[in-house]
Amino acid sequence: MLKSTSIESRPATLRRVRGGAILLAVLAAVFAAAPHVYGNQSLLFTIMTFIVLAQGLNLLYGFTGYLPFGYVGFFGTGAYATSLLVMHTHLPVLMCVAGGGLAAALIGLILGPLLRLSGAYFSIANLAASQIIFFVVSNPNLADITGGPYGLKIEQVYDPQASYYCMLAVLLAACALAAYFRKSGFGMTLRAVKQDPVSAAMAGIDVVRTRLVAWLVSAFVAGLAGGVYAWGISVFYPDAVFTLEFSVFAIVFVLFGGVGTVIGPIVGASVLYTLYAAIGISTPQYFQFIYGGLIVLLVLFLPGGLLSLLQRRGIHVF
């Protein structure tokens with residue numbers, strides 16, 4: 001009987017794997033071809049950056065329910081760690097980017113006790129932690145190490161083409177992780193912990209450890225995004241990589257597309273950041289009105305995000 005069940009589940013498993021592979025292939029093809037069709041590669045690079053940030057936040061919020069208001073702290077840590085490694089070592093830039101991701105994960109490990117908090121307490125504590133990191137790197141007394149308020153320059157490795165395709169690789173990896181969280185046994189464990197941590201603990205699940213793994217993976221993804229972003233722009237100030245706007249954008253993008261899905265953060269970041277680039281930079285007053293209206297309508301009528309429209313019609317959303 002068990003054997004029969006296992007055999008019957010294989011087609012469904014294969015369909016899920018095939019669906020994820022197709023999604024990744026489409027994303028790779030679209031963003032690889034886009035610079036040749038649309039000349040503004042800088043905008044495409046920024047959109048990919050926000051997709052990665054939104055997907056990284058989705059790994060935590062979508063599967064554990066923990067909403068980090070200070071998620072940008074991991075992004076900024078990755079940017080600074082990558083830049084400092086480029087400046088003070090002879091490592092290849094890709095290894096420096098990986099070091100940025102690991103530095104963000106290390107910060108996540110240090111902040112691991114925050115996971116014992118919940119709800120608004122966790123969100124506010126995480127925001128405070130990101131501000132502490134910001135004040136440390138922007139401290140004028142540390143200008144010889146971090147550049148202080150004057151920022152950092154890594155023009156020696158500036159390569160918009162290589163950094164663009166590196167960000168695409170990070171985007172595909174983040175989406176693959178989200179697909180794994182959504183369909184794997186570990187993802188089921190995360191959802192069990194999210195829905196009822198007490199019952200999950202009674203069932204033998206190490207609740208704190210499970211949350212910590214998701215937290216560290218999410219931090220690592222944000223750190224990689226920050227590292228590649230620093231490589232792609234080469235000159236930046238603390239305000240540029242620790243701005244609270246990045247966290248707010250990532251949260252809104254996830255909510256707009258659909259929390260806990262793979263496609264949701266992609267849709268949210270692509271649609272809303274394109275809207276921001278079209279009207280938000282030149283006429284911010286109109287953008288704030290439209291943006292605020294969209295968020296209000298979303299919360300009132302589509303709390304599950306845009307993709308919930310498809311789910312209501314019985315269409316499976318990946």
Is there a donor-acceptor pair under 3.5 Å between the side chain of [X] and the backbone N or O of [Y]?
X	Y	answer
S218	G56	yes
T82	A79	no
S163	V228	no
T261	G257	no

Between [atom1] of [X] and [atom2] of [Y], what distance do you get to the nearest 0.5 Å?
X	Y	atom1	atom2	value
L216	L109	CG	CG	5.5 Å
M167	T46	CE	OG1	8.5 Å
Q41	L44	CD	CG	7.0 Å
T64	L59	OG1	CG	9.5 Å
L53	L57	CG	CG	8.5 Å
L117	N126	CG	CG	10.5 Å

Can the ring centroids of Y164 and W231 be said to lie less than 6.0 angstrom from one another?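 Ring centroids of Y164 and W231 are no less than 6.0 Å from each other.
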Determine the interplanar angle of the Y273 and Y276 rings, folded into 0 to 90°, and report it as parallel if under 30°, tilted if 30 to 60°, perpendicular if over 60°.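 Ring orientation of Y273 relative to Y276: tilted.
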Run the side-chain contact (heavy atoms from CB on, under 4.5 Å) test on L172 and L27 for me, step by step, so that the C-alpha distance in whole Å, both residues' side-chain angles and the decisive distance to 0.1 Å come before the verdict. CA-CA 8 Å; L172 296 176; L27 278 174; 3.9 Å; yes
Can V235 be reached from L85 by stepping across I, L, V, M, F, W or Y side chains whose heavy atoms are under 4.5 Å apart?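 No, because L85 and V235 fall into different hydrophobic clusters, even though each may have its own neighbours under 4.5 Å.
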For [X] against [Y], the heavy-atom pair lying closest together:
X	Y	value
Y66	L115	OH-O, 2.8 Å
V207	A200	CG2-CB, 4.4 Å
L94	C166	CD2-SG, 3.8 Å
R182	V262	CD-CG2, 4.1 Å
Y180	S184	O-OG, 2.6 Å
A192	I205	CB-CD1, 4.4 Å

So, applying ring-ring contact (aromatic ring centres under 6.0 Å, His included) with W215, which one of Y61, F74, F63 is it?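 Testing each of Y61, F74, F63 against W215, the sole residue satisfying ring-ring contact (aromatic ring centres under 6.0 Å, His included) is F74.
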ring-ring contact (aromatic ring centres under 6.0 Å, His included) with Y80: which of Y237, F236, Y229?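 Of the listed residues Y237, F236, Y229, the ring-ring contact (aromatic ring centres under 6.0 Å, His included) partner of Y80 is F236.
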Below 4.5 Å, heavy atoms only, C-beta onward: do [X] and [Y] meet side chain to side chain?
X	Y	value
F242	V137	yes
I279	L275	yes
C96	T89	yes
L224	F220	yes
V221	Q55	no
F253	I266	no
V217	L177	yes
M87	K153	no

Could you walk me through whether F246 and F249 pass ring-ring contact (aromatic ring centres under 6.0 Å, His included), step by step? CA-CA 5 Å; F246 277 26; F249 272 11; 7.6 Å; no
Between K194 and L190, does a side-chain contact (heavy atoms from CB on, under 4.5 Å) hold up when you go through it step by step? CA-CA 6 Å; K194 176 183 177 181; L190 283 173; over 6 Å; no
After noting the C-alpha distance and the side-chain angles of I251 and F69, does the key distance pass the side-chain contact (heavy atoms from CB on, under 4.5 Å) rule? CA-CA 8 Å; I251 292 169; F69 286 169; 3.8 Å; yes
side-chain hydrogen bond (donor to acceptor under 3.5 Å, both in side chains), that's the test. Do Y71 and S130 meet it? Break it down for me. CA-CA 7 Å; Y71 191 61; S130 72; over 6 Å; no
If hydrophobic residues (ILVMFWY) are linked whenever their side-chain heavy atoms come closer than 4.5 Å, directly or via other members, who joins M95 in its cluster?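 L91, all in the cluster of M95.
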Is the OH atom of Y150 crowded by more than 12 outside heavy atoms at less than 6.0 Å?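 12 or below, so no.
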Start with the C-alpha distance between L114 and L111, add both sets of side-chain angles, then the distance that settles side-chain contact (heavy atoms from CB on, under 4.5 Å), and finish with yes or no. CA-CA 6 Å; L114 294 183; L111 297 178; 4.0 Å; yes
